[in-house]
Amino acid sequence: MIRVHIEPDSVTLSGHAGAAPYGQDIVCAAVSVLTINLYNSIRTLTGDLVTASVTEDQTVIGWEHLSEAGRVLVDAFFLGICSIAESYPENVSIR
């Protein structure tokens, strides 16, 4: 199960979806795309400073202060993750 934890200054994702074999897991792919897009969008489209820490089992995207545009991007990420969790509740949980 992918666990998503959203804090005022970070997003942490851990675990694995386990919906299909490695390389064929559409749940993992969807969450990965949203996560990479969040980091790249904040970094590219805003002046906000954003960090990323990636290990085999955990990804943390962090920031100290977000502009209005940065908050909109995090909100868009949250909406996407909620849609995936709603469609695949056995593979994604949000805290």
Which value, rounded to the nearest 0.5 Å, describes the distance between [X] atom [atom1] and [Y] atom [atom2]?
{"X": "Glu64", "Y": "Thr51", "atom1": "CD", "atom2": "OG1", "result": "9.0 Å"}
{"X": "Ser10", "Y": "His5", "atom1": "OG", "atom2": "NE2", "result": "6.5 Å"}
{"X": "Ile2", "Y": "Asp57", "atom1": "CD1", "atom2": "CG", "result": "11.5 Å"}

| request: Start with the C-alpha gap between Val4 and Val92, add the side-chain angles, then the distance that decides, and say whether side-chain contact (heavy atoms from CB on, under 4.5 Å) holds. | output: CA-CA 7 Å; Val4 182; Val92 179; 4.3 Å; yes

In terms of hydrophobic clustering (I, L, V, M, F, W, Y; side-chain heavy atoms under 4.5 Å; direct or indirect links), are [X] and [Y] co-clustered?
{"X": "Leu73", "Y": "Tyr39", "result": "yes"}
{"X": "Ile6", "Y": "Ile61", "result": "yes"}
{"X": "Phe77", "Y": "Tyr88", "result": "yes"}

| task | Please step through side-chain contact (heavy atoms from CB on, under 4.5 Å) for the pair Thr12 and Gln58, ending with a clear verdict. | result | CA-CA 7 Å; Thr12 301; Gln58 185 177 62; 3.3 Å; yes

| task | Quick one: which residue pairs count as a side chain to side chain donor-acceptor pair (under 3.5 Å) with a foot in residues 65-83, not counting sequence neighbours? | result |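 Sorted result for residues 65-83: Asp48-Ser67, Glu68-Arg71.
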
| request: Step by step, work out the side-chain contact (heavy atoms from CB on, under 4.5 Å) result for Trp63 and Val11. | output: CA-CA 9 Å; Trp63 53 84; Val11 173; 3.7 Å; yes

| request: Return yes if some donor-acceptor pair links the side-chain N/O of Arg95 with the main-chain N/O of Ser93 below 3.5 Å, else return no. | output: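 No: the side chain of Arg95 does not pair with the backbone of Ser93.
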
Pair up each side-chain donor or acceptor in residues 22-32 with any protein partner under 3.5 Å, not counting sequence neighbours, and list the distances.
{"residue": "Asp25", "atom": "OD1", "partner": "Val27", "partner atom": "N", "Å": "3.1"}
{"residue": "Asp25", "atom": "OD1", "partner": "Cys28", "partner atom": "N", "Å": "3.1"}
{"residue": "Asp25", "atom": "OD2", "partner": "Gly18", "partner atom": "N", "Å": "3.2"}
{"residue": "Asp25", "atom": "OD2", "partner": "Ala19", "partner atom": "N", "Å": "2.9"}
{"residue": "Ser32", "atom": "OG", "partner": "Cys28", "partner atom": "O", "Å": "2.9"}

| request: For residues Ile42 and Thr46, report the shortest heavy-atom separation together with the two atoms involved. | output: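 In terms of heavy atoms, the two residues are closest at O-OG1, 2.5 Å.
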
| message | Ignoring hydrogens, what is the shortest heavy-atom contact between Ile81 and Ile94? Give both atom names and the distance. | response |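 Closest approach of Ile81 to Ile94, heavy atoms only: CG2-CD1, 3.4 Å.
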
| task | Under the side-chain contact (heavy atoms from CB on, under 4.5 Å) rule, what do Ile84 and Leu34 come out as? Steps first, then yes or no, please. | result | CA-CA 10 Å; Ile84 295 169; Leu34 287 177; 3.6 Å; yes

